[in-house]
Amino acid sequence: MAEPLWPPSVAQQEAVEPGLIRDFGPWMTAEQRRIYSLCQRFLQDRDEADSATQDVFLKAFQALKRGGTDLEDPARWLTRIAVNTCLDRLRSRKWQFWRRRPSSEDEQTILTMAASTAPEAEDRYFAGQIGERLNIALERLSPRQRAVFTLRHFEDLSLEEIGDMLGLDVGTVKAHMFRALAKLRTDLRDLYGGSR
């Protein structure tokens, strides 16, 4: 029977610097929401983002267990693991077979029943609609374009940092960003006064 990965056994704890193992739980708790949000933006599916987040922390723990990990910037290191995990899942697309989504008729029925005349509810409704439109537009981007756009606009990383994280030169990052923005502008033109 395989040895469980978490909590670490005494042998596993001795194989890694004691402080890293001791601090892994609190560090994971502190980073979990950020990593989940990043995975959610990439994968556009809550269940898949939850599963990917667990994979990220499992991979991080296994890397620490193996040792030899340079942790000058732990948050950036963890972000890189999350990005690679999400890109792997996007490339495989096997998980989409299990994706359950209501039909468009069911979605319309739900939205009709949830309508409210209160301004606050109306504002939330329209913000939700805009968010849904943005999510659909993001799904149409290639995995690299989505990665570059997400890291730049949601994680606020510089183009150089994105290039380092994805193993791309800055010119390639700029090209992916340009194409992503062009596609998003086309898909969302009606939201900012343009015509389709």
Side-chain angles (χ1 to χ4, degrees), residues 32-53 55-56 79-116 119-196:
Q32 190 168 6
R33 181 172 290 184
R34 182 180 71 84
I35 295 300
Y36 173 80
S37 294
L38 179 64
C39 292
Q40 168 68 23
R41 287 187 195 107
F42 268 90
L43 302 171
Q44 302 294 314
D45 182 277
R46 288 182 179 150
D47 292 335
E48 186 60 21
D50 186 49
S51 178
T53 301
D55 286 350
V56 168
T79 300
R80 175 174 259 167
I81 294 172
V83 167
N84 289 331
T85 298
C86 290
L87 287 174
D88 288 345
R89 285 172 180 256
L90 286 171
R91 278 189 284 265
S92 76
R93 294 287 184 180
K94 291 178 183 175
W95 59 270
Q96 287 192 349
F97 173 77
W98 301 104
R99 197 176 198 184
R100 283 180 235 127
R101 191 171 195 168
S103 68
S104 59
E105 295 84 16
D106 290 342
E107 283 181 0
Q108 194 59 40
T109 302
I110 292 167
L111 291 174
T112 303
M113 291 178 6
S116 171
E120 291 175 351
E122 186 176 327
D123 290 342
R124 285 194 306 267
Y125 171 79
F126 286 120
Q129 291 296 308
I130 291 169
E132 182 65 28
R133 287 280 309 279
L134 177 60
N135 287 338
I136 290 168
L138 285 172
E139 282 184 17
R140 292 184 182 138
L141 299 178
S142 73
R144 286 280 183 211
Q145 290 168 355
R146 190 183 313 170
V148 169
F149 182 85
T150 299
L151 291 172
R152 179 73 179 124
H153 293 285
F154 292 108
E155 291 295 312
D156 202 29
L157 296 180
S158 71
L159 297 177
E160 292 79 12
E161 290 172 321
I162 295 169
D164 288 345
M165 189 166 289
L166 298 177
L168 303 171
D169 61 57
V170 174
T172 304
V173 171
K174 287 180 182 179
H176 284 305
M177 180 64 72
F178 176 80
R179 290 184 191 118
L181 290 174
K183 287 180 183 177
L184 290 173
R185 282 187 188 115
T186 300
D187 286 350
L188 304 173
R189 177 173 290 146
D190 62 306
L191 294 178
Y192 58 88
S195 59
R196 283 205 151 214

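All values below were derived from every heavy atom in this structure, side-chain atoms included, with hydrogens, water molecules and symmetry-related copies excluded.
In this structure a side-chain-to-backbone donor-acceptor pair under 3.5 Å is missing from Arg46 to Gln40. Judged by distance alone, the side chain of Ser37 and the main-chain N or O of Arg33 form a donor-acceptor pair under 3.5 Å. A distance-only check finds a donor-acceptor pair linking the side chain of Arg133 to the backbone of Asp187 [under 3.5 Å].
Annotation: side chain of Leu166 is not in contact with side chain of His176 (no heavy-atom distance under 4.5 Å). Within the 4.5 Å cutoff, no side-chain heavy atoms of Val83 are placed close to those of Thr150. Taking 4.5 Å as the limit, every side-chain heavy atom of Ile162 sits out of range of all side-chain heavy atoms of Glu155. Between Met177 and Arg152, the closest side-chain pair of non-hydrogen atoms falls below 4.5 Å. With a 4.5 Å cut-off on side-chain heavy atoms, Arg41 and Leu138 do not count as touching. Residues Arg89 and Cys39 fail the side-chain proximity criterion, which asks for heavy atoms closer than 4.5 Å.
Annotation: the span from Asn135 atom CG to Leu43 atom CG amounts to 11.5 Å, rounded to 0.5 Å. In this structure, the separation between SG on Cys86 and CD1 on Ile81 is 12.0 Å, given to the nearest 0.5 Å. Residue Ile136 holds its CD1 atom at 9.5 Å from CG of Leu188, rounded to the nearest 0.5 Å. Note: Leu38 CG to Thr53 OG1 = 8.5 Å, rounded to the nearest 0.5 Å.
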Checking side-chain contact (heavy atoms from CB on, under 4.5 Å) for the pair Leu181/His153: CA distance, chi angles, key distance, verdict?
CA-CA 11 Å; Leu181 290 174; His153 293 285; 4.2 Å; yes

Are Arg144 and Leu87 close enough, and set up right, to give a side-chain contact (heavy atoms from CB on, under 4.5 Å), and what steps lead you there?
CA-CA 8 Å; Arg144 286 280 183 211; Leu87 287 174; 3.7 Å; yes

Using the rule given for side-chain contact (heavy atoms from CB on, under 4.5 Å), can you reason through Thr79 versus Arg34, listing the C-alpha separation, both sets of side-chain angles and the distance that settles it, and then say yes or no?
CA-CA 9 Å; Thr79 300; Arg34 182 180 71 84; 2.7 Å; yes

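The neighbour count for Phe154 CZ, taken as heavy atoms of other residues, nucleotides or ligands under 6.0 Å away, is above 12. For NZ of Lys183, the number of neighbouring non-hydrogen atoms (other residues, nucleotides, ligands) closer than 6.0 Å is greater than 12.
Residues Val56 and Ala82 come closest through the heavy atom pair CG2-CA, 3.5 Å. The minimum heavy-atom distance linking Tyr36 with Ala49 is given by the pair CE1-CB, 3.7 Å.
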